[in-house]
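Reckoned from all heavy atoms, side chains included, excluding hydrogens, waters and symmetry mates. Atoms within a ligand are numbered from 1 in the order they appear, just like the ligands themselves.
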Amino acid sequence: MATVLITGGAGFIGSHTCLVLLQAGHRLVILDDFSNSSPRAVERLAELAGLIPTGPGSWGDALRLVQGDIRHDHSLDLAFAAAQSSGPAGLDAPVEAVIHFAGLKAVGESVAEPLRYWDVNLHGSRTLLEAMERHSCRCLVFSSSATLYGYPETVPIPETAPVQPINPYGHTKAAVEMLLADVAGCGAGATAEMESPNGWRIARLRYFNPVGAHPSGQIGEDPDGIPNNLFPFVSQVAVGRRPSLRVFGSDWPTPDGTGVRDYIHVMDLAEGHRMALEALLAEEPQLLTLNLGSGRGISVLEVARAFEAASGRPIPVELVARRPGDAAVTVADPALAARRLGWRTQLGLDAICRDGWAWQSANPHGYAA
Ligand code: NAD
Ligand code: UDP
């Protein structure tokens with residue numbers, strides 16, 4: 001059992017990961033500024049974990065919630081203190097590891113506002129690393145992304161594929177990956193598995209397409225405004241918030257002409273974080289870089305049909321032009337995560353759609369309802 005600081009723990013992937021970690025017996029401090037999430041997500045995940053609130057932002061000796069910005073030293077110090085302090089204010093145990101989800105993630109927005117993306121994603125990560133040094137914590141799991149691979153040359157994509165992002169969001173993720181390699185003492189030419197001469201334990205997890213929700217339908221993805229991503233858009237069509245799905249390109253070199261991605265159930269992804277965290281804490285200092293994906297490709301039309309079946313609602317589709325910047329096929333080679341962590345996805349497209357619909361149908365307007 002470890003005490004873990006989770007930045008961005010109220011967000012989509014963070015909230016599911018917090019639940020899995022609490023159920024495994026870990027103690028957590030969540031630091032989030034709620035710029036893209038709601039405190040309700042934390043209340044709900046705590047309830048799902050069977051925790052009883054013991055005060056504002058406080059659930060016994062298991063969970064603390066701190067509202068603050070990762071770019072601010074005092075917020076980070078408050079979060080570390082919330083772990084270490086004894087009595088009702090704290091968990092009475094220093095932070096042993098950090099899972100760093102907090103950041104901005106919308107590709108289009110990153111093109112329009114590159115400085116904000118570099119500030120939150122890179123400066124925020126650097127500020128966090130400095131706070132970790134201050135508090136003698138050298139174990140970090142970082143949310144990286146398959147967006148690093150840009151237009152992949154080989155599919156399925158191994159971790160050794162070139163890092164060649166094609167938008168500002170991807171550039172910030174690549175920059176943080178390089179920063180982490182330097183902090184670990186591994187240099188920019190780091191390979192997927194390296195010892196850290198600087199005594200750091202770091203996992204850079206490159207997610208493919210995280211989707212779905214907890215099967216209870218109590219927590220899930222709650223995007224602001226019109227969703228850019230396929231799954232939240234399809235869910236909103238099913239629930240009647242949008243009239244139809246625009247399919248971006250039907251002339252890709254794929255079996256049905258529509259784009260192919262590696263969709264991964266967020267509960268599988270959450271398990272991947274737990275396993276990476278526990279491996280880092282148990283093993284010698286190292287820098288580990290892992291794809292988290294299923295290894296299976298699914299097309300846009302397959303998603304629409306599967307969601308129709310799961311929801312019993314029609315998903316009208318409209319075939320339109322390709323979206324600029326899209327790749328035809330992005331699929332992970334997940335062999336290294338299987339070998340290093342024993343992790344592989346357990347849940348397929350049907351479970352993804354079933355659980356995504358459980359969330360969307362119970363919460364048609366997300367946490368705002
Ligand atoms: P999300 O927006 O739901 O969660 C991010 C959380 O960080 C939110 O709760 C937000 O309020 C918080 N946050 C943002 N800026 C902050 C700041 N300055 N200080 C404190 N908190 C802040 O996103 P998500 O989908 O859960 O993604 C989590 C991480 O995974 C991100 O780093 C994202 O780039 C990465 N990632 C996501 C995907 C995806 O498709 N969802 C894919 C690959 C990588
Ligand atoms: N897509 C689509 N219509 C939408 C949103 C996405 O056809 O409204 C397609 C997109 O072109 C891609 C796939 O769905 O082929 C997944 O897109 P998403 O944005 O979810 O993930 P990413 O492209 O970042 O992998």
Side-chain angles (χ1 to χ4, degrees), residues 6-17 30-39 41-42 66-72 75-76 79 99-108 110 116-117 119-121 123-125 127-128 142-149 167 169-170 172-173 176 205-211 219-224 226-234 236-237 242 244-250 252 254 258-264 266 269-270 273 292-293 297-304 317-331 366:
I6 315 281
T7 75
F12 171 45
I13 305 168
S15 56
H16 293 79
T17 303
I30 293 175
L31 174 65
D32 203 301
D33 68 356
F34 303 119
S35 54
N36 195 37
S37 58
S38 161
V42 180
V66 175
Q67 180 167 1
D69 191 316
I70 51 163
R71 293 167 294 177
H72 301 155
S75 297
L76 288 159
I99 305 185
H100 178 31
F101 293 107
L104 304 177
K105 61 167 183 176
V107 170
S110 80
R116 189 158 76 92
Y117 270 66
D119 185 39
V120 175
N121 291 359
H123 172 59
S125 298
T127 317
L128 171 65
F142 172 62
S143 295
S144 191
S145 170
T147 197
L148 286 186
Y149 298 121
N167 53 60
Y169 166 64
T172 66
K173 289 289 177 191
V176 177
L205 302 183
R206 296 176 177 167
Y207 317 152
F208 278 66
N209 289 61
V211 290
I219 54 174
E221 188 171 12
D222 184 15
D224 220 12
I226 302 174
N228 296 307
N229 296 113
L230 179 65
F231 257 89
F233 199 99
V234 167
Q236 293 192 5
V237 174
R242 320 254 164 226
S244 63
L245 169 69
R246 293 189 309 145
V247 176
F248 298 141
S250 48
W252 294 103
T254 61
T258 66
V260 168
R261 294 289 181 275
D262 185 336
Y263 297 99
I264 167 176
V266 65
L269 190 57
H273 285 78
L292 293 184
I298 297 172
S299 77
V300 176
L301 290 179
E302 284 176 297
V303 167
V317 299
E318 194 189 335
L319 304 180
V320 301
R322 293 180 180 187
R323 180 172 67 176
D326 269 354
V329 181
T330 305
V331 174

Report task. Given side-chain hydrogen bond (donor to acceptor under 3.5 Å, both in side chains), test D222 with S38 step by step and report yes or no. Result -> CA-CA 9 Å; D222 184 15; S38 161; over 6 Å; no
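- The shortest contact between atom 18 (P) of ligand 2 and any protein heavy atom is with N229 ND2, 3.5 Å.
- Side-chain atoms of N229 do not come within 3.5 Å of backbone N or O of F231 as any donor-acceptor pair.
- Of the polar atoms of K105, at least one N or O is found under 3.5 Å from an N or O of ligand 1, judged by distance alone.
- Summary of contacts: the protein heavy atom closest to atom 13 (C) of ligand 2 is Y263 OH, 3.6 Å.
- Two rings, from H273 and Y207, have their centers less than 6.0 Å apart.
- Protein heavy atom closest to atom 33 (C) of ligand 1, with residue, atom name and distance, is Y169 OH, 3.6 Å.
- Closest to atom 11 (O) of ligand 1, if we only count protein heavy atoms, is D32 OD1, 2.8 Å.
- For ligand 2 and R246, the ligand atoms under 4.0 Å from any heavy atom of the residue are 2 (C), 3 (N), 4 (C), 7 (O), 8 (O).
- The closest side-chain heavy-atom distance from L230 to L245 is below 4.5 Å.
- Interface of A10 with ligand 1, defined as ligand atoms under 4.0 Å from a residue heavy atom, comprises 9 (O).
- Considering G68, G8, G14 only, the shortest heavy-atom separation from atom 20 (C) of ligand 1 involves G68.
- Judged by the shortest distance from any of its heavy atoms, S35 lies inside the 4.0 Å radius around the atoms of ligand 1.
- When the heavy-atom distances from atom 1 (P) of ligand 1 to N121, N36, L76 are ranked, the shortest goes to N36.
- Residue K173 has at least one nitrogen or oxygen atom sitting less than 3.5 Å from a nitrogen or oxygen atom of ligand 1, judged on distance alone.
- Distance alone, capped at 3.5 Å, is enough to place a donor-acceptor pair between the T7 side chain and the F101 backbone.
- Checked against a 3.5 angstrom limit, the closest N/O atoms of F208 and ligand 1 fall outside it.
- Put simply, the side chain of T258 gets close to the backbone of V300: a donor and an acceptor are under 3.5 Å apart.
- Looking only at protein heavy atoms, the nearest one to atom 18 (N) of ligand 1 is D69 OD1, 3.0 Å.
- When hydrogens are left out, the protein atom nearest atom 21 (O) of ligand 2 is N209 ND2, 3.1 Å; that is the closest non-hydrogen contact.
- The shortest N or O to N or O distance between V260 and ligand 2 is not below 3.5 Å.
- Residue F34 touches ligand 1 through its backbone alone, judged by heavy-atom distances below 4.0 Å.
- Between Y169 and Y117, the angle of the ring planes goes over 60°, which puts this pair in the perpendicular group of the 30/60° scheme.
- Here is the list of ligand 1 atoms found below 4.0 Å of a heavy atom in S144: 43 (C), 44 (C).
- Closest non-hydrogen pair, V42 versus A10, comes out as CG2-CB, 3.8 Å.
- When hydrogens are left out, the protein atom nearest atom 17 (O) of ligand 2 is R323 NH2, 3.4 Å; that is the closest non-hydrogen contact.
- Considering backbone and side-chain N/O atoms, I13 comes within less than 3.5 Å of an N/O atom of ligand 1.
- Neither the backbone nor the side chain of A146 has any atom closer than 4.0 Å to an atom of ligand 1 (non-hydrogen atoms only).
- Within the 3.5 Å criterion, the main-chain N or O of S143 finds a donor-acceptor partner in the side chain of K173.
- Annotation: atom 25 (O) of ligand 2 to nearest protein heavy atom, R261 NE, 2.8 Å.
- Scanning the protein for heavy atoms near atom 7 (O) of ligand 2, the closest one is F248 N, 2.9 Å.
- If you number the atoms of ligand 1 from 1 as listed, the ones under 4.0 Å from a heavy atom of S143 come out as 29 (C), 30 (O), 32 (O), 35 (C).
- Between atom 13 (N) of ligand 1 and the options D33, I6, T7, L292, the minimum heavy-atom separation is to D33.
- For ligand 2, the polar-atom distance check finds no N/O of F231 at less than 3.5 Å from any of the ligand's N/O atoms.
- Polar contact with ligand 1: absent for V120 (N/O pair, distance under 3.5 Å).
- The distance criterion of under 3.5 Å between nitrogen or oxygen atoms is met by S37 with respect to ligand 1.
- If you check which protein heavy atom lies closest to atom 20 (O) of ligand 2, you get L230 N, 2.8 Å.
- Taking a 6.0 Å sphere around CZ of R116, one finds it holds more than 12 heavy atoms contributed by other residues, nucleotides or ligands.
- Of the possible donor and acceptor atoms, none in the side chain of N209 sits under 3.5 Å from a partner among the backbone N and O of R261.
- Here the protein heavy atom with the shortest distance to atom 11 (O) of ligand 2 is D326 OD2, 2.5 Å.
- Taking distance alone, with nitrogen or oxygen atoms compared against 3.5 Å, I70 approaches ligand 1 more closely than that limit.
- For F12, a nitrogen or oxygen atom sits less than 3.5 Å from a nitrogen or oxygen atom of ligand 1, counting backbone and side chain alike.
- Residue, atom and distance of the protein heavy atom nearest to atom 28 (C) of ligand 1 are F101 O, 3.5 Å.
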